[in-house]
There are 2 protein chains.
Amino acid sequence: MSSRLKDVAARAGVSVRTVSNVVSGSATVAAETRQRVQEVIEELGYRPNLAARSLRAGRTGIIGLAIPELHSPYFSELAGLLVEEAQRRSWTVVIDQTRGDADAERRLLTRGGGRVVDGLIISPWALDPAELTELAATTAPAVPLVLLGERSPRGTLDRVAVDNVAAADDATTHLLRIGRRRIAAIGLQPHLQNGTAQQRAQGYHRALERAGHPRPAEALQRPVAALHRADGARAMTELLDGPERPDAVFAFSDELALGALHMAHQRGLRVPEDIAVVGFDDIEDGRYSHPPLTTIAPDKHQIALRSLQCLADRIYSPDNAVPAQDLTVPHRLVVRGTA
Amino acid sequence: MSSRLKDVAARAGVSVRTVSNVVSGSATVAAETRQRVQEVIEELGYRPNLAARSLRAGRTGIIGLAIPELHSPYFSELAGLLVEEAQRRSWTVVIDQTRGDADAERRLLTRGGGRVVDGLIISPWALDPAELTELAATTAPAVPLVLLGERSPRGTLDRVAVDNVAAADDATTHLLRIGRRRIAAIGLQPHLQNGTAQQRAQGYHRALERAGHPRPAEALQRPVAALHRADGARAMTELLDGPERPDAVFAFSDELALGALHMAHQRGLRVPEDIAVVGFDDIEDGRYSHPPLTTIAPDKHQIALRSLQCLADRIYSPDNAVPAQDLTVPHRLVVRGTA
DNA sequence: ATGAAAGCGCTAACAC
DNA sequence: GTGTTAGCGCTTTCAT
């Protein structure tokens with residue numbers, strides 16, 4: 001059987017109050033008493049019951065991280081950073097996978113499972129930003145919330161993201177600068193209410209336009225079902241079999257880019273000579289592909305840091321005193337071998 | 001302010017008992033009463049307080065997953081499967097990263113942080129299996145525990161893993177079968193008390209021996225500091241610059257293999273003609289490398305499924321009535337392009 | 001079928 | 001500096 005505060009108190013011949021003080025270090029305890037209590041704690045193997053503490057404190061010390069899928073390198077790298085940084089703040093992280101399922105996202109926002117987490121960092125995928133904001137607003141009591149990537153209408157919710165338009169512009173501009181003319185885009189997701197893909201598409205068009213290019217043919221803009229390597233490979237096949245063979249591809253994620261790269265090799269094309277490729281995310285795999293992937297690198301560390309900071313502000317502030325923030329983290333173009 | 005059971009009861013004109021019954025669905029409630037209570041729950045946006053429920057039940061519904069690092073594809077793929085499967089059992093998963101730090105592993109085993117999780121699935125990395133078992137045995141109250149990979153002495157703890165010796169044997173035998181003679185191994189970790197690497201080395205030697213090969217030169221067995229791509233690349237450099245250039249490499253993880261593959265390309269070698277490569281883990285990236293990676297595929301889905309089943313048995317069984325299990329999950333050799 | 005009340009383990013307000 | 005105790009929100013035994 002596990003021991004409680006009361007057991008320790010009895011055995012040490014003090015009150016629970018004193019033991020509690022020793023454990024939390026909150027009040028001053030006589031050195032001798034503290035010593036004795038410590039020994040009994042060791043002896044009995046006492047561990048505080050966190051459920052009781054949470055009930056008392058009205059907080060659990062647990063925050064949620066909701067992402068589409070953990071096996072995707074971008075998200076697992078980000079999750080790793082978040083877990084590490086959260087630990088530093090004495091928070092525990094529970095991870096939920098939404099799998100691009102709108103209902104899963106809805107459930108999380110409305111605390112379907114009950115009041116476990118003190119706050120939630122969510123990377124919405126399937127949910128329309130408007131509905132998302134609406135849900136967050138009508139859920140009582142409100143969950144402290146930080147959005148990753150998606151922007152809520154009129155900035156009502158905290159949000160952390162890179163400037164997707166500028167980043168996509170940078171990628172496309174780089175391809176133009178190295179002399180490419182028929183630049184394809186892979187990664188539109190017309191079936192989802194996903195602002196991120198739209199913003200990247202916008203940056204792509206903006207760069208082309210500024211360079212005086214005509215709007216690219218529809219055939220050069222490939223939609224995808226998901227953002228995995230397989231989707232990138234499929235899109236690349238369509239491009240290579242299409243009416244106008246591109247001399248460069250801007251993929252909206254590194255996974256898509258790596259899939260495209262794979263397909264280029266399969267078809268016997270040389271990269272970057274025959275076709276250049278730029279990705280987005282700077283995942284570890286891209287550094288070791290053949291050739292290494294040129295990509296847009298969002299500052300993931302900043303994303304982790306600032307979203308936690310944001311969440312902390314909201315959790316510890318007296319109800320909603322803090323205005324919603326829209327934080328843009330830096331990104332940079334990393335030129336490697338594919339473009 | 002958030003509403004409690006009491007508030008719902010007052011507003012619906014019933015007792016808390018009745019509301020509790022409606023929420024949990026445990027006892028029979030008159031249809032009319034249930035209806036009314038439901039409405040009030042909706043109206044007030046009532047959500048059960050999980051801390052209170054946990055305190056009462058003596059369980060949190062949260063299990064821990066402790067892995068060396070989340071950003072490593074093998075672990076993130078496995079974590080994704082575990083989270084998904086846990087959800088099906090109404091468990092929430094908190095993830096801890098041990099970063100190959102022995103102290104971090106110790107802390108988790110002795111419930112350093114207090115009594116949060118109902119059970120723990122841990123993939124030990126730095127801790128000696130003997131110490132691990134010792135710690136688990138002396139910690140009171142015991143945490144229900146499932147080991148991933150490492151075996152505890154005399155099978156005192158539940159454990160789920162592939163047959164590492166047989167799998168490494170399969171990989172090496174495949175290289176022999178396709179005519180390779182100077183087969184190197186990358187992935188020994190002499191600085192760690194890590195049984196997994198030792199077992200894979202053992203399988204490698206067993207296959208060579210059975211084929212009548214002399215014991216490979218030390219120079220062909222490359223130790224690594226970690227299991228990342230960079231370590232694989234470094235080991236490959238050493239091999240290519242070494243006294244005896246290998247015609248094949250068996251890497252103890254896919255990440256190592258991909259790093260080695262990268263380096264082979266850098267040096268202008270053809271794969272598999274000049275040098276063949278076999279990995280271990282079957283991570284997604286290996287399917288899209290150039291050429292696609294031949295590897296040993298552990299059945300990750302089984303690992304997730306069975307470790308959770310194991311944990312459930314231990315959590316729900318009256319104290320330690322269940323004998324410790326040592327479960328071996330299937331693996332298979334997946335021949336793709338590199339060997 | 002429903003109500004009243006005890007108690008899960010902890011913290012902190014209130015005593016001394 | 002330390003003891004006593006109420007109460008966090010829930011489930012469940014006992015009573016009706």
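No experiment lies behind these values; they were computed from the predicted model shown. Letters go in sequence order (proteins before strands), and every chain restarts at 1.
Looking at heavy atoms from C-beta onward, B/Leu109 lies in side-chain contact with B/Leu132 at the 4.5 angstrom threshold. Within the 4.5 Å cutoff, no side-chain heavy atoms of A/Lys6 are placed close to those of A/Arg11. Using a 4.5 Å cut-off on side-chain heavy atoms (C-beta onward), A/Thr196 and A/Glu150 make contact.
Note: CD1 (A/Ile41) to P (C/dG9) measures 16 Å, nearest angstrom. To the nearest angstrom, P of D/dT5 lies 17 Å from CG of A/Asn21. Counting to the nearest Å, the C1' atom of C/dC10 and the CZ atom of A/Arg59 are 16 Å from each other. What separates CG of B/Asp7 from P of D/dC8 is a distance of 11 Å, to the nearest Å. The CZ-C1' distance, from A/Arg53 to D/dG9, rounds to 19 Å in whole Å. To the nearest angstrom, P of D/dC8 lies 19 Å from CG of A/Leu5. Distance A/Glu32 CD to D/dG1 P: 14 Å, rounded to the nearest Å. The CG-P distance, from A/Leu50 to C/dC10, rounds to 10 Å in whole Å.
Each of D/dC10, D/dT2, C/dC10 was ranked by its minimum atom distance to the side chain of A/Asn49; first place goes to C/dC10. Nearest to the side-chain atoms of A/Pro48 among the listed nucleotides C/dC10, D/dT12, D/dT2 stands C/dC10.
Mapped onto DNA chain D by nearest heavy atom, B/Arg17 and B/Leu55 fall at different nucleotides, with B/Leu55 at the one closer to the 5' end. Residues B/Ala52 and B/Val14 each lie close to DNA chain C; by heavy-atom proximity, the contact nearer the 5' end of the strand is made by B/Val14. Nearer the 5' end of DNA chain C, as judged by each residue's closest nucleotide, is the contact made by B/Ala30, out of B/Ala30 and A/Ser24.
In summary, the side chains of A/Gln325 and A/Arg314 do not present any donor paired with an acceptor at a separation below 3.5 Å, with no hydrogens or angles considered.
Distances shown here put a side-chain N or O of A/Arg4 below 4.0 Å from the OP1 or OP2 atom of C/dG9. In this model, the phosphate group of D/dT2 is approached by a side-chain N or O of A/Thr33 to a distance below 4.0 Å at OP1 or OP2. Distances shorter than 4.0 Å separate some side-chain N or O of A/Thr18 from OP1 or OP2 on D/dG3.
Residue contacts shown for A/Val23 are absent, as no nucleic acid heavy atom lies under 4.0 Å away.
Atom OG of residue A/Ser152 and atom CG of residue A/Leu157 lie 4.0 Å apart, to the nearest 0.5 angstrom.
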